[in-house]
**Student:** 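A single structure is presented below for examination.
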Amino acid sequence: MPVRWMSATATDQGPRRFMADAAAMYRNRGNGHRAWSVADGIGDDYEPAHAAQSAARISAQAATTGGAAHGITTARRLLQHEYEGAPRGQAGDAVMVTAVPFPDAAGGGFDIAWVGDCRAFTVRDGVLRQETADHTQGAAMRESANEWTREIAPGYDHVVTRSVVRDTEIASVRITGPVERLLLCTDGVSRILPAGVVAAILTGTNSAPKAAHALVAAARACPSARDNIAVTVLTPSRKRQQTR
């Protein structure tokens with residue numbers, strides 16, 4: 001029997017001037033499908049915040065009819081149209097990740113697409129797994145044959161190489177079940193919290209709201225956490241599992 005997912009989102013602006021991280025969920029009343037998106041605006045200003053909010057909302061809605069990559073493609077097309085002809089510095093952009101559950105997958109499974117450094121994690125067989133790969137200059141430099149280039153790579157992790165508005169490749173992956181947890185997050189969590197802490201929080205509770213808020217609280221408690229934060233956590237419905 002397909003898994004029924006329970007979800008929760010938690011956000012925190014932190015010390016930034018604008019809240020440029022966003023999250024959205026959409027349920028299609030026609031086909032019953034649901035999708036979730038998390039987006040991170042590139043910059044601390046109004047337009048990046050607007051781009052992130054629009055991208056998350058549009059992608060989640062479109063993904064329920066055409067899949068995760070279709071969701072991001074739709075957000076790209078509409079934002080490119082909105083910003084066409086905008087003066088330099090007045091066009092927003094964002095990075096994002098979108099996930100759609102497979103409607104008929106026993107044990108759960110997801111279609112995931114992303115651009116940039118928003119991440120998707122799953123817990124499968126009790127193990128935390130990063131399902132996305134960052135599209136950043138730092139990640140590319142880590143693959144260099146030059147040792148010095150690899151050493152300085154962390155200083156370039158903030159430079160994204162793919163985004164929603166730019167015509168860059170949209171990456172995607174399909175994860176088969178059983179999936180015990182799904183986490184979508186911005187780099188306000190993934191760059192701050194060690195994988196062990198994320199795993200402990202996700203597996204330490206069956207409550208999606210508790211896990212989402214615990215992740216935000218743990219990240220914000222770190223002195224180096226000065227970015228916006230947005231997380232969405234999905235857990236299987238315990239009620240559905242008991243009625244199988």
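Just so it is clear, the model here is predicted, and its values are computed rather than measured.
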**Student:** So which atom in M19 and which in I229 form the shortest heavy-atom distance, rounded to 0.1 Å?
**Tutor:** CE-O, 3.4 Å
**Student:** Please report the interatomic distance CG(D12) to CZ(R220), rounded to the nearest 0.5 Å.
**Tutor:**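 CZ of R220 is found 4.0 Å from CG of D12.
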**Student:** Do L215 and V197 land in one hydrophobic cluster if side-chain heavy atoms of ILVMFWY residues count as linked below 4.5 Å?
**Tutor:** yes
**Student:** Should the heavy atoms of other residues, nucleotides or ligands under 6.0 Å from CZ of R29 be counted, would the total exceed 12?
**Tutor:**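 Counting neighbours around CZ of R29, 12 or fewer heavy atoms of other residues, nucleotides or ligands fall under 6.0 Å, so no.
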**Student:** Provide the full list of ring-ring contact (aromatic ring centres under 6.0 Å, His included) pairs with a residue in residues 113-149, sequence neighbours left out, each pair given once.
**Tutor:** W114-H135
**Student:** Could you tell me if N28 and T64 have a donor-acceptor pair between their side chains, going purely by distance under 3.5 Å?
**Tutor:** yes
**Student:** Report yes if some heavy atom in the side chain of R16 is under 4.5 Å from a heavy atom in the side chain of D227; otherwise report no.
**Tutor:** yes
**Student:** Just one of D40, I72, L184, V115 clears the side-chain contact (heavy atoms from CB on, under 4.5 Å) bar with V97, so which one?
**Tutor:**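 With V97 as partner, side-chain contact (heavy atoms from CB on, under 4.5 Å) holds for just one option, L184.
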**Student:** Please examine the side chains of F18 and P48, heavy atoms only from C-beta on, and report whether any two atoms are closer than 4.5 Å.
**Tutor:** no
**Student:** Does any non-hydrogen side-chain atom of D21 lie less than 4.5 Å from one of V38?
**Tutor:**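 They are not in contact (no side-chain heavy atoms under 4.5 Å apart), so the answer is no.
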**Student:** Hey, are D117 and R191 close enough for a salt bridge, meaning a charged N less than 4.0 Å from a carboxylate O?
**Tutor:** yes
**Student:** Under the side-chain contact (heavy atoms from CB on, under 4.5 Å) rule, what do L78 and R76 come out as? Steps first, then yes or no, please.
**Tutor:** CA-CA 6 Å; L78 293 178; R76 170 175 289 171; over 6 Å; no
**Student:** Between W5 and P236, is there a side-chain heavy-atom distance shorter than 4.5 Å?
**Tutor:**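 Result yes, sub-4.5 Å side-chain heavy-atom pair found.
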**Student:** Considering only NZ, NE, NH1 and NH2 on the basic side and carboxylate oxygens on the acidic side, decide whether D157 and R142 come within less than 4.0 Å.
**Tutor:** yes
**Student:** Testing the basics here: between A211 and I201, what is the closest heavy-atom pair and its distance to 0.1 Å?
**Tutor:**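 So the two residues come closest at O-CG2, 3.6 Å.
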**Student:** Got V3 and P101 here, is their nearest side-chain heavy-atom distance under 4.5 Å?
**Tutor:** no
**Student:** Going from CZ on R27 to NE2 on H33, what distance comes out if it is rounded to the nearest 0.5 angstrom?
**Tutor:**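 Result: 10.0 Å between the selected atoms.
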**Student:** Run through T205, N206, T122 and flag the one making a side chain to side chain donor-acceptor pair (under 3.5 Å) with R181.
**Tutor:**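 Testing R181 for a side chain to side chain donor-acceptor pair (under 3.5 Å) against T205, N206, T122 leaves exactly one candidate, N206.
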**Student:** Do M96 and M25 belong to the same hydrophobic cluster, where Ile, Leu, Val, Met, Phe, Trp and Tyr are linked whenever their side-chain heavy atoms lie under 4.5 Å apart, directly or via other members?
**Tutor:** no
